[in-house]
Amino acid sequence: MTTAHREPYGAEGAPYALPPRTAARERARSAPYFFLLPATVLFVLFFALPIGYAIWLSLHKVQVKGLGLGSGARTEIWAGLENYTDALTDSELLDGALRVLGYGALVIPVMLGLALLFALMLDTDKVRLAPVTRLATFLPYAIPGVVAALLWGFLYLPDVSPFYFVLDKLGMPQPNLLDGGPLYLALSNIAVWGGTGFNMIVIYTSLRAIPAEVYEAAKLDGASPLQIALRIKIPMVAPSLILTFFFSIIATLQVFSEPTTLKPLTNSVSTTWSPLMKVYRDAFGAGDIHAAAAEAVIIALVTLVLSFGFLRAANSRTKQGEAR
Amino acid sequence: MPDTKHSRLRRWGATTVAAVLGATTLAACGSEDAKDSQAESGPASLTYWTWAPGMDKVVDLWNKGPGKEQQITVTVKKQASGDTLVTKILTAHKAHKAPDLVQAEYQTLPTLVSNDALADISGDVDGAKSKFADGVWQQTTLGSDAVYAIPQDIGPMMFYYREDLFKKYGLTVPTTWEQFAETARALKKKAPDKALTTFSANDSGLFAGLAQQAGAKWWTTSGDKWKVGIDDAATRKVADFWGGLVKEGVIDNQPMYQPAWNKALNTGKQIAWVSAVWAPGTLTTAAPDTKGKWAMAPLPQWSDSDDVTGSWGGSSTAVTTDSKHRAAAAKFAAWLNTDPKAVAAMAKEGGIYPASTSAQLSDAFTQPPAFFSNQPDFYTKASQIAKTTAPSAWGPNVNVAYTSFNDAFGAAAKNKSDFGAALTRMQDTTVADLKKQGFGVAQ
């Protein structure tokens, strides 16, 4: 704003020129900073400070002497990168990350595929009851994650699930969904059920923003509805697809409530099933807030790198496409 | 930035939010300070963190009676139970804002003491010691001259079984663990879709109690070093025993406290439960249809000549180092857990089984629990069993050992694999954690 700034009332010294630099003008110059202040204060208080504190915690540890009983037996000392090396060499954290990757590889393609499919179907001319269908698809998103996980957890338990009752009556095989490979399906199913509606709305909204002339032109050229969907709609909503993919990556890396809620139901979910569960266990189960802080920082960094890496890759591809 | 109406509105919004936030923070600080200074001068006003149901009614008795005379007012702040409360206390203690009184499970006392969160109240509770069994009292002293808490309730372990179904399948109540295994096998033979019980890896307290019965001492001290005995011979015996039963398939391996377990108990798919004195409460909600069909017996023994049990659960009342009225708080803690009226009220309102020996035979315990109306001598038997409780040995990182148990034994139960290996993992994790924190560790 200050560069290439032009005086609005012509040259200085003219009879109608602005008054000379006075306190009032100085105040006017500081006005932007004044207006910035609330946002800056909020940012520092509720964002920068907590992050800084987490980093500070992650660089310290508690040192106990002897039996550790009585006062003064515990001191907080500088640990350097010890908590980080411990976390990175901890096989549980790595295993958790791998489990979450496997889970994400199931959830993201299925959820976004379904969301795109539903959005395209809703966007066709012949669809009936569009508002009702839209609401029905979106509704699971309104159910809190913990409630959804509890609900599905009960449905997965052979002894109480109506599904298993029906399977039993029909004499069909009854897979154990809370163990081994099927456990990933069971967990993914909860995420897909809950997340598809939200992603569908995002994609659908951007579909509605495409001007009708584009479709008219395509129809005049003899394109079928399927061709319109594949050649026009999908490329034009690519930015929303990228956005939903970006959100989904973050949500996957931070998966916590579904496995935590299913944990009491089965021996197959350990207290360190996902990286975030390990952070929670170390902080609130083992009481080692310093190790937990280091793990949290690592997870945040990995999330940042992965999600922004993806955004960059997606952007450069889009730019290439435009240049062509 | 273009000076539109919208952006001006937004800035205004941010300023207002900031102003309101600032004002509330200030207001909060103001009232907090006022309360503190008031407490320091005049009569004592204490806060008490507890999860026991109905505790507010018991505290009312104090506030209207002895508390009124001595000008000591106690306010109950209801908490979630168990491990999360320890974290909460430690966090509050870090800010020197822990409440005056806290409820703490016995196994968490060393952790709390090691964080310097609990005050030594040995000078203020004369005569309390004689009201409790030695094994119970010893848990609150950590083997020193100090007293860190007053015992509140205990959980002596017992064997619960479906009397009707035992009769139906011609089973006898096992008095040794060997017979217990035989009973499990006999039931599997007669009714393959049923199981005597389950080995659950989601409550470490059960396994700790069973090991305690076998004579295990998980944490002991020598000089200024801790010795961890989680993989000692006694515990190994217990682990191998249960691991063998799971591998054989004669007992179930699914966790407790979940819908499938409730259903198994309610429909008689599982016909026994190794539990503690508080089991009637749990069974009332988990298996409501089986009221009057259960019976309680002493825990099976490792040899015929033994008469010993472990404990599962139980808690104490402790005074924190942040309390400005330690003597007053200690007075209340002693009253709460030794005064006949207070203990009777706790039993009635909260359904707890008191640690105080005389209270176990008080009027509140002449009738059996409603769920066990078929066993009139329930509490007489319970108090006899309570006397046989083996001493316990807790250390400063029980929480770490417990979560390690959940994971290691959870996986072993699921795969029906070697419980001994899981025990080794539990021992190693616990020792490694002690060393990492800098505790002296003896090999």
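Proteins come first, then strands; the chains are lettered A, B, ... in the order of their sequence lines, and each starts at number 1. This one's a predicted model, so the numbers in the text were calculated from it and none came from an experiment.
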*Can you tell me how far the CH2 atom of Trp261(B) sits from the CG atom of Leu157(A), to the nearest 0.5 Å?*
14.0 Å
_Neighbour count >12 (heavy atoms, 6.0 Å) for atom NZ, Lys194(B)_ = yes
*Lys94(B) versus Ile289(A): any side-chain heavy-atom pair under 4.5 Å?*
yes
*With a 4.5 angstrom heavy-atom cut-off, could you sort out which part of Lys263(B) is near chain A: side chain, backbone, both or neither?*
side chain
*Shortest non-hydrogen contact from Pro255(B) to Pro264(A)?*
CG-O, 3.5 Å
*Among Leu37(A), Thr272(A), Val64(A), Asp159(A), which residue forms the greatest number of heavy-atom pairs with chain B at distances under 4.5 Å?*
Val64(A)
*Modelled atom types, side-chain donor and acceptor of Asn406(B) and Thr271(A), under 3.5 Å*: no
*Heavy-atom check, side chain of Lys436(B) versus side chain of Gln63(A), under 4.5 Å*: no
*Picking from Gly287(A), Ser268(A), Ala283(A), which has the most non-hydrogen pairs under 4.5 angstrom with chain B?*
Ser268(A)
*Identify the two heavy atoms, one from Asp407(B) and one from Arg281(A), that lie closest to each other, and give their separation to 0.1 Å.*
OD2-NH1, 3.7 Å
*State, to 0.1 Å, how close Pro259(B) and Leu265(A) come at their nearest heavy-atom pair, and which atoms those are.*
CD-CD2, 3.7 Å
*Non-hydrogen atoms of chain A under 4.5 Å away: do they reach the side chain of Phe439(B), the backbone, both or neither?*
both
*With only heavy atoms counted, which part of Ala291(A) is less than 4.5 Å from chain B, the side chain, the backbone, both or neither?*
side chain
_Point-to-point distance, once rounded to the nearest 0.5 Å, from CG of Asn267(A) to CG of Asn415(B)_ = 9.0 Å
*Nearest-0.5 Å distance, CG of residue Leu178(A) to NZ of residue Lys414(B)*: 11.0 Å
*Assess whether atom CG of Asp289(B) is packed by more than 12 heavy atoms of other residues, nucleotides or ligands within 6.0 Å.*
yes
*Grab the two heavy atoms, one from Ala286(A) and one from Val400(B), that are nearest each other, plus how far apart they are.*
CB-CG2, 3.8 Å
*Please name the pair of heavy atoms, one in Trp226(B) and one in Gly66(A), separated by the smallest distance, quoted to 0.1 Å.*
CD1-O, 4.3 Å
*Check: Gln437(B) and Arg74(A) side chains under 4.5 Å, non-hydrogen atoms*: yes
_Interchain contact, Asn397(B) with chain A, by part (heavy-atom threshold 4.5 Å)_ = neither
*Using a 4.5 Å cut-off on heavy atoms from C-beta on, say whether the side chain of Leu67(A) contacts that of Ser114(B).*
no
*Is there a donor-acceptor contact under 3.5 Å from the side chain of Thr87(B) to the main chain of Phe284(A)?*
yes
_Heavy-atom neighbours of Phe163(A) CZ exceed 12 at 6.0 Å_ = no
*Please flag which part of Asp282(A) lies under 4.5 Å from any non-hydrogen atom of chain B: side chain, backbone, both or neither.*
neither
*Using non-hydrogen atoms and a 4.5 Å limit, figure out which bit of Thr266(A) sits close to chain B: side chain, backbone, both or neither.*
backbone
